[in-house]
Engineer: 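The following block contains the structure, expressed as structure tokens.
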Amino acid sequence: MSKTALITGATAGFGKATAKLFAANGYKVIITGRREEKLKRLKTELDNETDVLTITMDVRDKDKVFSQIKSLPEKFSNIDVLINNAGLALGLASAQEADIEDWEQMVDTNIKGLMYLTRAILPGMVKRGKGHIVNIGSVAGTYPYPGGNTYGASKAFVKQFSRNLRSDLLGTGVNVTNIEPGLAHTEFSQVRLHGDKIKADNVYKGTLPLVADDIAETVLWSVMRPAHVNINSIEIMPTCQAWGPPAFYKE
């Protein structure tokens, strides 16, 4: 019997690439996202490879998250892998100038949405004595940078939440992995810069960044390890990216 993977934020970027890769490797896939038309197009692409269920859903909507998971068709009800990919960054303003609504949306999506899906699906995994939760974090959860304020803090939450899940789930047979990408060329920067494609393209100018397939392959590799092996976290950057020296201010 094929396993089932649920991927949030599957309409683009890491989520879309991950859905395609898991489908190609024999998984039934549940793909979720806010953009219904994009979900339908992806389903059409994947239908020849595997069973696909689409759920148009905003992970910030707690009631819908729990009701949708509770009412899954029997064929898809036993979720083996949850990939908490839905997330975003908004704005690069310093904390004293940032739009508070951008902060709230990042917290509601990157933190609350991830918690809702995890809490809705985890009891079933524990009951069956197996499962794998993969959270998509970021190097921003470890390394601060100007303008990263709430986004970085939200990904630091993902890192620590993943670690605490491992502690809670010890002995249950459920694995937890946190994937922490660095610079990656997806819709990320265009969303962050509120749709300004020119500015977004300049972020990657002169670099050879990660692409969505790099992260999808990392997720699949983590999930495909033997059951007794848990990949706690993977920090992955393009070769062109590294850390800078500590900053200091001079009068």
Side-chain angles (χ1 to χ4, degrees), residues 1-10 14-15 18-19 21-23 25-33 50-55 57-87 108-137 141 154-180 215-216 218-234:
M1 180 182 292
S2 60
K3 293 183 177 181
T4 300
L6 187 152
I7 304 107
T8 66
F14 299 158
T18 301
L21 189 59
F22 271 69
N25 280 270
Y27 279 79
K28 292 179 291 185
V29 294
I30 304 169
I31 51 176
T32 82
T50 190
D51 292 320
V52 183
L53 176 68
T54 64
I55 301 177
M57 178 174 68
D58 188 332
V59 297
R60 296 174 295 175
D61 187 337
K62 179 176 65 176
D63 292 339
K64 187 160 188 180
V65 167
F66 279 88
S67 65
Q68 290 280 16
I69 297 304
K70 188 176 181 180
S71 61
L72 286 171
E74 185 176 352
K75 180 189 284 189
F76 293 95
S77 60
N78 291 339
I79 296 170
D80 299 283
V81 182
L82 166 62
I83 300 159
N84 278 314
N85 167 72
D108 288 345
T109 305
N110 301 356
I111 296 177
K112 290 184 178 180
L114 182 145
M115 289 193 301
Y116 297 157
L117 264 298
T118 301
R119 184 62 182 81
I121 291 170
L122 191 54
M125 290 183 172
V126 172
K127 184 177 180 179
R128 294 187 296 275
K130 61 181 180 178
H132 201 136
I133 295 173
V134 180
N135 294 325
I136 304 300
S154 73
K155 292 303 185 177
F157 171 88
V158 174
K159 177 198 291 283
Q160 197 63 16
F161 186 62
S162 300
R163 290 174 171 175
N164 280 284
L165 283 176
R166 284 278 291 124
S167 295
D168 287 345
L169 295 170
L170 186 64
T172 65
V174 179
N175 290 1
V176 183
T177 300
N178 182 34
I179 308 293
E180 305 173 47
I215 304 307
T218 304
V219 172
L220 182 66
W221 178 84
S222 302
V223 170
M224 296 294 284
R225 296 309 88 208
H228 72 283
V229 176
N230 190 89
I231 305 301
N232 296 328
S233 62
I234 299 178

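Everything quoted here is computed from the prediction, not taken from an experiment. Side chains are part of it too, since the values below use all heavy atoms of this structure and drop only hydrogens, waters and symmetry mates.
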Engineer: Hey, could you give me the CG/OG distance between N178 and S162, rounded to the nearest 0.5 Å?
Structural biologist: 4.0 Å

Engineer: Has the side chain of T177 got a donor or acceptor atom that lies under 3.5 Å from a matching backbone atom of V134?
Structural biologist: no

Engineer: Show me the donor-acceptor pairs, under 3.5 Å and distance only, between side chains in residues 68-77 and residues at least two apart or in other chains.
Structural biologist:
from : atom 1 : to  : atom 2 : distance (Å)
S71  : OG     : S67 : O      : 2.8
S71  : OG     : Q68 : O      : 3.4
S77  : OG     : E74 : O      : 2.9

Engineer: Tell me whether R128 contacts the main-chain N or O of I79 through its side chain, where contact means a donor paired with an acceptor under 3.5 Å.
Structural biologist: yes

Engineer: Using atom types as modelled and distance alone, determine if a side-chain donor or acceptor of D108 lies under 3.5 Å from a backbone N or O of R60.
Structural biologist: no

Engineer: For the residue pair N78 and D80, confirm or rule out a side-chain donor-acceptor distance under 3.5 Å.
Structural biologist: no

Engineer: Return the minimal non-hydrogen interatomic distance between A10 and I31, and the atom names on each side.
Structural biologist: CB-CB, 3.7 Å

Engineer: Are any side-chain N or O atoms of N230 and backbone N or O atoms of V176, one a donor and one an acceptor, separated by less than 3.5 Å?
Structural biologist: yes

Engineer: If you measure from NZ on K62 to CE on M115, what distance do you get to the nearest 0.5 Å?
Structural biologist: 9.5 Å

Engineer: Under the rule for side chain to side chain contact (heavy atoms under 4.5 Å, CB included), what residues qualify as partners of A86, not counting sequence neighbours?
Structural biologist: T8, V59

Engineer: Can you measure from NE2 (H132) to NZ (K3) and round to the nearest 0.5 angstrom?
Structural biologist: 10.5 Å

Engineer: Which heavy atom of G15 sits nearest to which heavy atom of I7, and what is that distance?
Structural biologist: O-CG2, 3.7 Å

Engineer: Identify which one of N85, N135, I136, I133 satisfies the side chain to side chain contact (heavy atoms under 4.5 Å, CB included) criterion when paired with L114.
Structural biologist: N135

Engineer: Closest heavy-atom contact between A120 and V65?
Structural biologist: CB-CG1, 4.4 Å

Engineer: If we only count heavy atoms from C-beta on, is the L117 to L6 side-chain gap below 4.5 Å?
Structural biologist: yes

Engineer: Scan residues 156-175 for pairs that pass ring-ring contact (aromatic ring centres under 6.0 Å, His included), counting only residues two or more places apart or in two chains.
Structural biologist: F157-F161

Engineer: Hey, does F22 have a side-chain heavy atom less than 4.5 Å from the side chain of I83?
Structural biologist: yes

Engineer: Considering all heavy atoms of both residues, which atom of K159 and which atom of E180 are nearest to each other, and what is their separation?
Structural biologist: NZ-OE1, 3.1 Å

Engineer: In Å and rounded to the nearest 0.5 Å, what is the NZ to CG distance from K112 to D61?
Structural biologist: 12.0 Å

Engineer: Any idea which heavy atoms bring Y116 and F66 closest together, and the distance?
Structural biologist: O-CZ, 3.8 Å

Engineer: Between L122 and L165, does the side-chain contact (heavy atoms from CB on, under 4.5 Å) criterion hold? Intermediate values first, please.
Structural biologist: CA-CA 10 Å; L122 191 54; L165 283 176; 4.2 Å; yes

Engineer: How about T4 and D51: do any of their side-chain heavy atoms sit closer than 4.5 Å?
Structural biologist: no

Engineer: Give the minimum heavy-atom separation between I234 and S222, together with the two atoms involved.
Structural biologist: CD1-OG, 3.5 Å

Engineer: Roughly how far apart are L220 CG and R225 CZ, rounded to 0.5 Å?
Structural biologist: 8.5 Å

Engineer: Does the side chain of S2 come within less than 4.5 Å of T50's, by heavy atoms?
Structural biologist: no

Engineer: Quick one: does L82's side chain get under 4.5 Å of M125's, heavy atoms only?
Structural biologist: yes

Engineer: Rounded to the nearest 0.5 Å, how far does NZ of K130 lie from OG1 of T172?
Structural biologist: 13.0 Å

